[in-house]
Trainee: 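Let me begin by handing over the structure; questions about it come next.
Computed from heavy atoms alone, side chains included, the values below leave out hydrogens, waters and symmetry copies.
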Amino acid sequence: ALLGDPNRRQQGLELLEMAADADPAHAPSTLLEIVQIHESLGDTPAVRATFEKLRELGLSFGPKNLPPDEATKFFTSMKRLADDAAAAGDYQAAVRHLRIILEGDRAGLQTFRQLAEMYERLGEPLPALHYNDLALVYKPKDPELLERKDRYYYSVMPEHLAQAPEAVRKGFDFDYCLNKARQLLARRDADLDTIDWGLHLARLAATVRPPWIEPKLLAARALLIKGEREEALRILEDLRESKPTKFATESEEDA
């Protein structure tokens, strides 16, 4: 009732903040009322501060403990904070807010797409490709996501992948690396950049599954095409010497 009176509006806002503190289960709705007032007054710092309070109250209470409609408002607010941070160039903050959505099991195509983009802007291709792959689960033929996949996988170095947590390596798209390397190295008109791309993917595949033969064979083939005969022969001789008693697949036996 006090919010409509300019002389007593501040008292009304303070009462709403007290209500949010007293009843955190409904804090998102209460604090969003405060946001609307501050937005109508053009008070951007107060809007930001209220959203931050909404985040802290929601996290301390536990997003999973919020009623469904309040949880929706909470996660929508986190998306707003992430968008504002991204627009301001604060990509770390954007990731932080997007990961809150992720931990609340509310993530979908747009969350994964935005996380991939934020990590790309932070110069971290490994998490970027991880979230891009998750986005592709929702939209496997999306041209932008497919273009990003090629770019991200080319940007990850084998030594960084080898040091990544096991969960990351386990989620790495081995089949993509192997199939793409096959395609690139089978091109008769392939230039050196294409050969290097195929070699890079073969090395990533070999990093993810060291015992496999075909990735190493593809790497050796790429090196031979490039004229790096000594290293290629070393790889092939190592493969011959370490021949397994049983092959994992028919393609491995062919290799």
Side-chain angles (χ1 to χ4, degrees), residues 1-122 124 127-128 130-139 145 165 167-168 171:
L2 299 173
L3 295 176
D5 182 351
N7 296 321
R8 305 184 71 188
R9 182 182 293 129
Q10 186 58 39
Q11 185 183 356
L13 292 171
E14 290 170 1
L15 287 169
L16 282 177
E17 286 196 21
M18 290 171 63
D21 288 329
D23 184 15
H26 296 91
S29 290
T30 306
L31 292 173
L32 285 173
E33 284 188 66
I34 298 175
V35 165
Q36 290 177 350
I37 298 297
H38 289 315
E39 285 182 329
S40 70
L41 298 172
D43 191 345
T44 302
V47 169
R48 187 181 303 113
T50 306
F51 270 120
E52 288 173 357
K53 178 166 185 173
L54 191 159
R55 179 192 63 212
E56 297 309 318
L57 279 177
L59 289 175
S60 62
F61 185 72
K64 292 182 180 180
N65 298 323
L66 292 168
D69 58 332
E70 294 292 335
T72 297
K73 291 175 181 178
F74 173 77
F75 288 115
T76 300
S77 298
M78 295 307 99
K79 179 66 167 63
R80 163 80 179 266
L81 285 172
D83 290 343
D84 288 349
D90 189 350
Y91 307 128
Q92 288 282 10
V95 165
R96 188 163 61 249
H97 294 120
L98 289 168
R99 288 187 65 84
I100 292 173
I101 300 172
L102 200 66
E103 292 163 9
D105 298 326
R106 294 294 183 104
L109 171 62
Q110 294 308 319
T111 304
F112 292 131
R113 186 195 295 271
Q114 193 173 4
L115 272 166
E117 182 181 348
M118 293 300 101
Y119 275 114
E120 179 183 5
R121 295 190 181 190
L122 287 167
E124 300 182 37
H130 171 68
Y131 289 115
N132 193 70
D133 280 348
L134 290 174
L136 279 165
V137 172
Y138 291 84
K139 203 172 182 183
L145 295 176
V168 173

Trainee: Mind jotting down which residue pairs meet the side-chain hydrogen bond (donor to acceptor under 3.5 Å, both in side chains) criterion with at least one end in residues 18-38? Sequence neighbours excluded, please.
Mentor: Asp21-Lys53, Asp23-His26, Ser29-Glu70, Ser29-Lys73
Trainee: If I take atom CG from residue Leu122 and atom OH from residue Tyr91, how far apart are they, to the nearest 0.5 angstrom?
Mentor: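 Taking CG in Leu122 and OH in Tyr91, the distance rounds to 8.5 Å.
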Trainee: Which word best sums up how the rings of Phe112 and Tyr138 line up, parallel for under 30°, tilted for 30 to 60°, or perpendicular for over 60°?
Mentor: tilted
Trainee: What residues form a side-chain hydrogen bond (donor to acceptor under 3.5 Å, both in side chains) with Arg9, not counting sequence neighbours?
Mentor: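 So Arg9 forms no side-chain hydrogen bond (donor to acceptor under 3.5 Å, both in side chains) with any residue.
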Trainee: In sequence, state the C-alpha distance, the side-chain angles, and the governing distance for Leu98 and Tyr131, and then conclude on side-chain contact (heavy atoms from CB on, under 4.5 Å).
Mentor: CA-CA 11 Å; Leu98 289 168; Tyr131 289 115; over 6 Å; no
Trainee: Report yes if some heavy atom in the side chain of Asn132 is under 4.5 Å from a heavy atom in the side chain of Leu136; otherwise report no.
Mentor: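 Asn132 vs Leu136: side chains touch.
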Trainee: Which atom names give the shortest non-hydrogen contact between Ala20 and Ala27, and what distance separates them?
Mentor: O-CB, 3.9 Å
Trainee: For Phe75 and Gly104, work out which heavy atoms get closest and say how close.
Mentor: CZ-CA, 3.6 Å
Trainee: Drop me the distance from Leu32's CG to Ile37's CD1, to the nearest 0.5 angstrom.
Mentor: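 Atom-to-atom, Leu32:CG and Ile37:CD1 are 12.0 Å apart.
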Trainee: Sequence neighbours left out, what passes salt bridge (Lys or Arg N to Asp or Glu O under 4.0 Å) with Arg99? Give chain and number order.
Mentor: none
Trainee: Please tell me if the side chains of Phe74 and Leu59 come closer than 4.5 Å, counting only heavy atoms from C-beta onward.
Mentor: yes
Trainee: Once salt bridge (Lys or Arg N to Asp or Glu O under 4.0 Å) is applied, do any residues pair with Glu14, and if so which ones, sequence neighbours excluded?
Mentor: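 Glu14: no salt bridge (Lys or Arg N to Asp or Glu O under 4.0 Å) contacts found.
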Trainee: Distance check, rounded to the nearest 0.5 Å: Leu115 atom CG versus Leu134 atom CG?
Mentor: 9.0 Å
Trainee: Ignoring hydrogens, what is the shortest heavy-atom contact between Ala71 and Pro63? Give both atom names and the distance.
Mentor: CB-O, 4.2 Å
Trainee: Does the pair Thr72 and Arg106 meet the rule for a side-chain contact (heavy atoms from CB on, under 4.5 Å), with working shown?
Mentor: CA-CA 9 Å; Thr72 297; Arg106 294 294 183 104; 3.5 Å; yes
Trainee: Going by heavy atoms in the side chains, are Leu3 and Leu16 under 4.5 Å from each other?
Mentor: yes
Trainee: Can you tell me how far apart CE (Met78) and CG (Asp83) are? Round to the nearest 0.5 Å.
Mentor: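 Between Met78 CE and Asp83 CG, I get 11.5 Å after rounding to 0.5 Å.
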Trainee: To the nearest 0.5 Å, what is the distance between CD (Gln92) and CD (Glu124)?
Mentor: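 Separation between the atoms: 6.5 Å.
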Trainee: What pairs with Phe61 under side chain to side chain contact (heavy atoms under 4.5 Å, CB included), at least two apart in sequence or on another chain?
Mentor: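 Listed in chain order: Pro24, Ala25, Asn65, Leu66.
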Trainee: Within the 4.5 Å heavy-atom criterion, are Glu17 and Ile34 side-chain neighbours or not?
Mentor: yes
Trainee: Once salt bridge (charged side-chain N to carboxylate O under 4.0 Å, His left out) is applied, what residue pairs with a partner in residues 84-96 remain, sequence neighbours excluded?
Mentor: Arg80-Asp84
Trainee: Side chains of Gln11 and Asp5: do they bring a donor and an acceptor to under 3.5 Å?
Mentor: no
Trainee: Please report the closest heavy-atom contact between Leu57 and Leu31, naming both atoms and the distance.
Mentor: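 So the minimum-distance heavy-atom pair works out to CD1-CD1, 3.9 Å.
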Trainee: Looking at Glu117 and Arg121, is any side-chain nitrogen of the basic one under 4.0 Å from a carboxylate oxygen of the acidic one?
Mentor: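 Here Arg121 pairs with Glu117 in a salt bridge, since their nearest N and O are under 4.0 Å apart.
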Trainee: Using side-chain contact (heavy atoms from CB on, under 4.5 Å), reason through Leu145 and Leu109 one step at a time and then give a plain yes or no.
Mentor: CA-CA 11 Å; Leu145 295 176; Leu109 171 62; 4.1 Å; yes
